[in-house]
Amino acid sequence: MHLNGTTTIQSSEQLEDLLSEPTEAVVEMMRRVEGDIILLGAGGKIGPSLSRMAKRASDLAGTKRRIIAVSRFSAPEQTANLHAHGLETVRCDLLDEAAIAQLPAAPNVIYLAGLKFGSSGNEAAMWAMNTWLPGVVCRKFRSSRIIAFSTGAVYGFSPVGANGSSENEEPAPLGEYAMSCLGRERMFEYFSRTWSTPIALIRLFYACEVRYGVLVDLARKLIAGEPIDLEMGWFNIIWQGDNNAMTLLALEHAATPPFLLNITGPEILSVRETALTMGGMLGVEPQFTGLETATTCLGNATKSHRLFGAPRVAADQLIKWTADWVKRGGEYLGKPTHFEVRDGKY
Ligand SMILES: NC(=O)c1ccc[n+]([C@@H]2O[C@H](COP(=O)([O-])OP(=O)(O)OC[C@H]3O[C@@H](n4cnc5c(N)ncnc54)[C@H](OP(=O)(O)O)[C@@H]3O)[C@@H](O)[C@H]2O)c1
């Protein structure tokens, strides 16, 4: 099954194949990059398909390496699925320093761990996870290169009508979650400068696939007849498979001080227009509440597109796949993005 020509996604198996389909550039890169890859916090929404893409690309490149997925694996069936695709797994609570010390060494680290939802009222745990843990990981993997996920939330809002926040903009995080994520970046930066550890920080704006993401949230609200809040009036998204490819390609850009990279799609989507389009596909008249405000959370990912090319999947394709999947009652991860939140509280 290939991305090109896929008009509908019929099963979770097909979806996972598509999400882990490597680009030629990723396969080529695997020929140049040496050594094992360890992914920390691999049990969430991105980790499984990202690990699998790394494995597929490495195999296609004819290289041998271990791809090691580390997480608590709160969903136990995940490990069997990863093993079936040739990945190794290590069950580990990353907040346990002794357990981190036991992790295998690897020259390439991809850091995905984080705490966002449920963090209101649980702020101390959120800061430990998002800001303290990066220091522990840097100590363990100081001789490796590290690709660490951050978030577009570190920028705060940008004016509607502009092109979104770029990497050279000063961060202005709104609320404690976004502040703790800037703390995560600063800890990686500090240890990168101190120990010359090459690092890339990925400021991601809304990865999407058909089981979760902003489009799934919109489609489910439309079907439930719930009003759609217009105050966060615009957004951008990227097909998670394209995010996976760009994240792996960032391995060759890790640097001291850290290399900053926004990852998202080139389209600026209006919530209102997208809801109307999806409503048409779902046979539902959207209900709206509120009005568009002057600012929104938007990333300008020109740098990543210049380096790695535009995403393979355009937003309109993603909209069609998602509406079709949700209409048919396809699997739902039960992880809403809460993209409409404007006070920074999750
Ligand atoms: N998805 C997006 O659109 C998006 C957008 C912006 C930024 N990001 C960032 O990208 C990163 C990855 O995204 P994601 O969507 O895959 O996040 P996610 O679904 O929250 O996955 C992170 C995973 O880390 C694991 N984890 C959490 N605490 C842990 C601990 N103490 N020890 C070991 N593992 C732990 C959890 O899996 P287990 O339960 O198996 O441990 C969790 O599912 C996140 O840090 C997020 O900040 C994502």
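Because only heavy atoms are used, hydrogens play no part in the values below, and waters and symmetry mates are left out as well, while side chains stay in. One-based numbering, in listed order, for ligands and for the atoms of each.
With hydrogens left out, the protein atom closest to atom 16 (O) of ligand 1 is I46 N, 2.9 Å, a heavy atom. In this structure, atom 11 (C) of ligand 1 lies nearest to the protein heavy atom L112 O, 3.2 Å. For atom 31 (N) of ligand 1, the nearest non-hydrogen atom of the protein is D93 OD1, 2.9 Å. Taking atom 20 (O) of ligand 1 as the reference point, the nearest protein heavy-atom neighbour is K45 NZ, 4.0 Å. Summary of contacts: the protein heavy atom closest to atom 37 (O) of ligand 1 is S71 OG, 3.2 Å. The single protein non-hydrogen atom nearest to atom 4 (C) of ligand 1 is L204 CD2, 3.5 Å, given as residue, atom name and distance.
Here the side chains of L204 and Q240 are not in contact, with every heavy-atom distance at 4.5 Å or above.
Contact between R184 and ligand 1 is present, with at least one heavy atom of the residue lying under 4.0 Å from the ligand. At a 4.0 Å cut-off, at least one heavy atom of Y177 sits close enough to ligand 1 to count as contact. Contact annotation: S150 has at least one heavy atom less than 4.0 Å from an atom of ligand 1.
Of the listed residues (Q78, R72, R203, K116), the one carrying the non-hydrogen atom nearest atom 30 (C) of ligand 1 is R72. Checking C92, A69, A207, G41 against atom 33 (C) of ligand 1, the nearest heavy atom belongs to C92. For atom 42 (C) of ligand 1, the nearest non-hydrogen atom from the set G44, G213, S180, G47 belongs to G44.
Polar contact with ligand 1: absent for F205 (N/O pair, distance under 3.5 Å). At least one N/O-N/O distance between L94 and ligand 1 falls below 3.5 Å.
Residue N300 comes nearest to G164 through the heavy atom pair CB-O, 3.6 Å, listed as atom of the first residue, atom of the second, then distance. Among all heavy-atom pairs drawn from T296 and W234, the shortest one is OG1-O, 2.7 Å.
Formation of a donor-acceptor pair under 3.5 Å by the T23 side chain with backbone atoms of V26 is found in this model. In this structure, H305 contributes its side chain and T264 its backbone to a donor-acceptor pair below 3.5 Å.
With L215 as reference, T322 is the one residue of T337, V326, T322, V210 to meet the side chain to side chain contact (heavy atoms under 4.5 Å, CB included) rule.
Counted within 6.0 Å of OH on Y190, heavy atoms from surrounding residues, nucleotides or ligands total 12 or fewer; the atom is thus considered open.
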